[in-house]
Amino acid sequence: MESGQYLGEISALCFLHLPPPSPSLPYLLAGTGSQLLFYDLHTGNMIASFQVFKGVRVHGISCLPLTDTVTDTSLTFRVAVFGERRLKLCLFNIQLPHHNKQTIVHLLSFQSLPNLGHWVLDVCFIQVVKESLLISIAIYGFLQCSLLCSLRSCSVVGICNSSRESVSCHWMHRQHSVFLGHLDIYNQLSGELSRCLLYTMRIWGHRIDSLHVASGTIYNQIIVWKVVDTLPMGSKSKTGEYKAVPVCRLGGHEGSIFRITWSLDGSKLVSVSDDRSARIWEVHTGKRDSDDDTTEVTVSPSTGPVLFGHTARVWDCCMSDSLIITVGEDCTCRVWGLDGTQLRIIKEHIGRGVWRCLYDPSSSLLVTAGFDSAIKVHSCLPMGSELESERCNGLEEYERKQIFTIQIPNSKRTALMDSKSEYVRCMHLASECELYVATNNGFLYLAKISDTGDVAWTQLFCSQEEIPIVCMSVFPGCVENWIALGDGKGRLTVVRIADIQTPELNLSFTWPAEAERQLLGTYWCKSLGHRYIFTADPRGRLKLWKICKTFQSSSEKGTGHANASLVAEFTSCFPTRILCLDASFHEQVLVCGDLRGNLVLFPLLLDAPDASVAHIAPLNYFKGAHGISSVSSVSIHGLNPSTFEIHSTGGDGCICYMEYDGYKQKMEFIGMKQVKELSLVRSLFPNDNEGHNNYAIGFTSADYLIWNLSTETKVAEIPCGGWRRPHTYFLGDVPEMKNCFAFVKDEVIYMHKQWVASSDSRIYPQNLHLQFHGREIHSLCFIVDDATQLSKSSDEKQAQPFQSAFVATGCEDGTVRLTSYSWGIDNWSASKLLGEHVGGSAVRSLCCVFKVHTIVDETLDSDQGTGLLEDEFLLISVGAKRVLTAWKRKASFSSTSRPKTEEALPSSSISFQWLSSDLPTRNRGSKKENLNDVDTTPPPEKIKPQTQVCCSDALENDWRYLAVTAFLVKFSRSRMSVCFIVVSCSDATVTLRALVLPHRLWFDIALLVPSTSPVLSLEHVVVPDLATFKDKSEQMRSLFMVISGSTDGSIGFWDVSEAVEAFMRKVSVLHKEDCNNFQTRPRTGRGSQGGRQWRTLEKTSDNDLGCAASQEKEKEKEKEKEIDMIWPVHVVKNAHQSGVNCLHVSDVRGCESCFSCNVISGGDDQALHSLTFDVMGTDKSCKKDASSYYCLQNKYQIVFSHPHEIASAHCSAVKGVWTDGHWVFSTGLDQRVRCWRVSSVDGKLSEKAHLIVSVPEPEALDVRVCGRNRYQIAVAGRGMQMMEFLAPADS
């Protein structure tokens, strides 16, 4: 068994600087879990990863470059890595790249020091003599400091004697031991501070006699010592004793101190605390008036400014000559000046916070890392840097960003505005130096802006009556620009600028497009060219105009409407103003978004006769795509000739993805992404050839923002006062280096411009490491791509130590992610956010459904169709607030048409789309009262159980799903399929539910009763048809069984076959017209409430929509009263002494007459419990010592055998198990993955291997079979890690 790379929190950062003559960027070492990650900041790639510890997290890294071993081709670093009580010295050799070769890193050797008495907090290297190095170690727990000596040919031994409450250290060479010295600092303080816990301890110094130690105590103070030699002056002894002399005690924080950093010269300290502040301290390290150890050290207040700004605890800080960096639990990184001025806020991490920050003054690179596994690199130039730009128009700007202030020619700069004053109504940036401006007096200007800030104004157009221009649209080109202007009289003017370099009006003509004050928008479409233009009115109507005649010279100018003809009128089904649109000439469709969040799809007819005007009705629509928020942009992306996607953005801060099937004429919601950093997403910007939307442009409450969707980094942020002001933006091919934004404030146009050649600078910010969940993971499951695996030969599988795979994970913050794992240096290659549960409710359990079980029913007509495809794959997630979400796997093809043959698809083609979500209504509950004790036999049919269904509003917020399992069933001749979902709730209920596809209808079928305690784990077994009876005319149906593990330690078996078949017969007569207007998009919790109204299955006419809500409540109550009750077939009591945390069932195996399964469970009692149950007909005999149960209705019997229990399988609670009947894998809170062999004779478990994982607090485990005796194991908790197990050949 071997482990792969850990994907989780980054706990340590360290730069490896190259020798001074080298101009290259430093290398970066990052500690994650028990591993070290090696990064090349020049390329932004990971070049190596090393396993340092086993189950111990890396807390810190310290390095020392060995300048005496530097060559032209290689560089050697000595690195100290520490975590908890362990410290290791590593020697790395870096082969520098030459002739376009990659950088290669080798771990030459490492040396483990003996375990120390307490946690190591800091390590530094100190040069003693020419060929000796001293290692200083700060140890957690007490106010102690250790010194260790390390020579090239020497081993290191550290001795921590807690009974003496001091630390003695030795270095050993061969058989000789030399006492170096000890620091005895515990008794340097008086009162309660003589012994106390520490959260941080930092060392500064280059020699022993200049060593200083600063520690932060839980008493909110910082204590500083210096090290002095106790030998008399002039002594020739090479070894001596040292003691710690207190220098000062710094007080002022109101919370525990988490981190301390020294300035380069050791004169200042910066500390961060639990009180959400950072403080700057002056440290006077000179000689004290008295070296008496008993002298009382007074508490000194903070001498520098107090840095307030973080809204949560501050975790880390770093300091340079001009900047202070702090990061905290609020997921922000803040840059401060030494005077306490906040210069910059960076918020790009998610989850529980940013753990570490690192700043390199020489390269001006700022690195942050946190719980979300991401490593972000920013360019952060210090104040007063030579790279600052000059002053432009009276405004300073930094980091190659120019800021211009521009005023229109006729503006009154000093006078107050009146009714005749001219001001800006519309703006548009056609390029980085061309700004079109339209005013309220009917003027159109072009401003040519130079790099030095000079502005050249050109008046292009002026309306005859000086009517205000209310809307403007620009169609840019390489040679000419087309501008459309709409005024208050409803007239549309088209202007052509032929020569962009020397702008001159070449063509203009005007015609009445709408009535007065009814023309609100003009739109060009890139796919249609400048010959077609759209106009919009306030009532949801569009007009398509065709420009019939163009002129070749400026002397020919047209007036009136003879130069444009009305081609078509599009009338929306929603009488709301249309704000954006996009047309596709290839698909012949037009998509519009309106003010109320609706999307409307029209057919695009451009071949209509010239004399006629086509009145076009909607082809399809999607109500409430963005809830009640406006749609700000739409775009069409073609997939194949009959299918295309629609991407829309809106005022709810979401990006919605739709898919339209031209054959079915159906628009379907397939996904949504919430850009939490933006309150309004204005548009999407693709920067690749495939049209992927990698950038979101929008606004926060008052700032303009560009967000990189791929790296989850902030590209630009400009304060502008919000989106309601006139504004415009223009992006280049690399928005990080080329972006412009202009807005109007107080009659002044402010333009922010960053336009740097891509070859002149590197792109920042960068994301070095994959961004993952920012909180704990509760569940995971493999997404199996059988086609990809079958396409690989056995030789390929054996050559790669790890197989590529996709893993779906559910997190505490309510997100579901799909992460790809591949073979290579950086194993975790990509992670895609599938979606988020409503209100961020935690995802507690996941399950995948990839097999369709077919039921044969001869009563159905043969014209029902072929039904669901056999390769259907569903992902079910449940969590807090009783949110249940279903996802459907969708294969995307790079080609324009779907392949006809079943070829293996690449792994990157796997994607999921949102299918449906279900939330409980206000008055729906299923808590049961007055239940009898658990009985292994069902009640007689004539006696109904006394069960009362009620709902308590006081407990509504406490509803949460705990576990889920699901399976797909369909009739052989039906188009519909049903996904049966079994969920357990925290109110001790287990419900069998059904999702009818493709109509997305949810039903409650039955309650699994009685259940006196909550169920923590669920599994299911589907036994195929059994031909075991003497009378062949009586065929047995498939058996559907549910297995549950409860908090009382019991394991229950439930037969739901009868309920499944009864529901399938009822749903088979469901007609398509009964399923209209059901839920079509998920709720987001950001003002979007899910679009169309939820209705019951019964057909509701349009006239009854007003009373649909009241009818729904009554039907829900009646439905709950009529819900069926299913009693357990068998209950294994006291299988565990406490809750059954995890459960797994092996695949069904057996012969024609008997099918067998293995059940494995793990609990809080640290035990594993296994048993085998066989399903057979009643004509088969069973062993006498086996317990069996006989069911009269379905005529089968179950034989439970081979029970086995391992009392102490783990040292802590067992959280995840998996079995295939031959091997069992388990994990627990002890951070171990154990492999057990299942005996084929008696079913007993025997441990064969175990592995320590880097995942703290494991919560879930899943295993995938990769081949013969080859297993891939995924463990998740606070992060995720992949392992591989290769079973012995004889097994």
Side-chain angles (χ1 to χ4, degrees), residues 6-11 32-33 57 312-313 315 328-331 347 349-355 369-374 673-674 676 712 770-781 807-819 828 831-847 875-885 887 917 919 957-964 983-986 1014 1016-1017 1082-1086 1139 1141-1142 1164 1213 1215-1216 1227-1229 1231 1253-1262 1274-1281:
Y6 167 72
L7 180 62
E9 56 190 83
I10 307 295
S11 54
T32 174
R57 187 177 64 169
R313 292 177 289 185
W315 292 124
E329 195 177 22
D330 57 358
C331 294
K347 187 175 181 180
H349 292 270
I350 59 175
R352 295 203 176 275
V354 186
W355 292 151
F371 197 99
D372 60 354
S373 180
K673 180 177 178 60
Q674 301 182 38
K676 296 184 178 181
E712 296 294 336
L770 184 67
Q771 188 165 28
F772 196 48
H773 292 290
R775 293 182 181 270
E776 294 80 5
I777 303 171
H778 295 302
S779 182
L780 84 162
C781 63
V807 181
T809 52
C811 182
E812 175 71 22
D813 59 2
T815 58
V816 179
R817 281 186 172 270
L818 182 63
T819 307
W828 302 104
S831 181
K832 178 182 179 182
L833 179 65
L834 294 183
E836 183 176 356
H837 279 205
V838 177
S841 55
V843 179
R844 304 299 304 182
S845 182
L846 288 172
C847 74
L875 180 66
I876 310 296
S877 63
V878 299
K881 301 180 183 178
R882 295 185 69 179
V883 179
L884 196 158
T885 304
W887 319 81
S917 296
L919 289 83
N957 292 331
D958 293 334
W959 286 345
R960 57 191 182 275
Y961 285 138
L962 301 178
V964 64
V983 288
S984 63
C985 189
S986 58
L1016 298 178
S1017 54
R1083 300 181 184 179
T1084 62
R1086 304 185 68 177
N1141 292 328
C1142 47
D1164 280 334
K1215 288 294 186 178
T1227 187
L1229 295 180
Q1231 289 189 238
V1253 297
S1254 300
V1255 181
E1257 303 175 7
E1259 287 281 341
L1261 174 142
D1262 196 18
V1275 177
R1278 289 178 55 183
M1280 184 168 58
Q1281 188 175 10

Point to revise | Contacts of type side chain to side chain contact (heavy atoms under 4.5 Å, CB included), residue E329, not counting sequence neighbours | key: A312, R313, W315
Review point. Taking C-beta and beyond as the side chain, do R1278 and F371 meet within less than 4.5 Å on heavy atoms?
Key: yes
Point to revise | Any L884 side-chain heavy atom under 4.5 Å of V983 side chain | key: yes
Point to revise | Distance (rounded to the nearest 0.5 Å) between T32 OG1 and I10 CD1 | key: 4.0 Å
Exercise for review: With the side chain counted from C-beta on, respond yes when E1259 and E776 share a heavy-atom pair under 4.5 Å apart, and no when they do not.
Suggested key: no
**Study point:** Test side chain to side chain contact (heavy atoms under 4.5 Å, CB included) applied to S373 - qualifying residues, sequence neighbours left out
**Key:** L7, H769, F772
Point to revise | Side-chain (S984) to main-chain (A963) donor-acceptor, under 3.5 angstrom | key: yes
Check your understanding: Given side chains that start at C-beta, do those of C811 and R817 come closer than 4.5 Å, heavy atoms only?
Key -> no
Practice item. State which residue, out of D372, I350, T815, D813, fulfils the side-chain contact (heavy atoms from CB on, under 4.5 Å) condition with R775. Key: D813
Exercise for review: Flag the pair R352 and E812 as a salt bridge only when some basic side-chain nitrogen lies within less than 4.0 angstrom of an acidic carboxylate oxygen.
Suggested key: no
Practice item. Say whether, by atom type as modelled, one donor and one acceptor occur between the side chain of S779 and the main chain of G810 under 3.5 angstrom. Key: no
Review point. Minimum heavy-atom separation for L1229 to P1258, with atom names?
Key: CD2-O, 3.6 Å
Point to revise | Any side-chain heavy-atom pair of V843 and H778 under 4.5 Å | key: no
Practice item. Kindly give the heavy-atom pair with the smallest separation between V807 and L780, and that separation in Å. Key: CG1-CD1, 3.7 Å
Check your understanding: Taking 4.0 angstrom as the limit, do K673 and E712 come out as a salt bridge?
Key -> yes
Practice item. Test L962 against every option in C985, S1017, P1014, S845 by the side-chain contact (heavy atoms from CB on, under 4.5 Å) rule and name the one that passes. Key: P1014
Study note, to complete from the structure: Output for pair (S877 OG, R844 CZ), nearest 0.5 Å, gives 13.0 Å
Revision key, fill the gap. Correct closest heavy-atom pair for C847 and C781 would be C-SG, 4.5 Å
Revision key, fill the gap. Looking only at heavy atoms, the pair that brings S831 and Q771 closest together is CB-O, 3.9 Å
Review point. T1227 versus V1255: any side-chain heavy-atom pair under 4.5 Å?
Key: no
Revision key, fill the gap. Rounding to 0.5 Å, atoms CG (L818) and CG (L833) come to a distance of 10.5 Å
**Study point:** Shortest non-hydrogen contact from S1254 toward G33
**Key:** CB-CA, 4.1 Å
**Study point:** Closest approach of D330 to K347 (non-hydrogen atoms, all atoms of both residues)
**Key:** O-CE, 4.0 Å
Review point. CE of M1280 to OG1 of T819: how many Å apart, nearest 0.5 Å?
Key: 4.5 Å
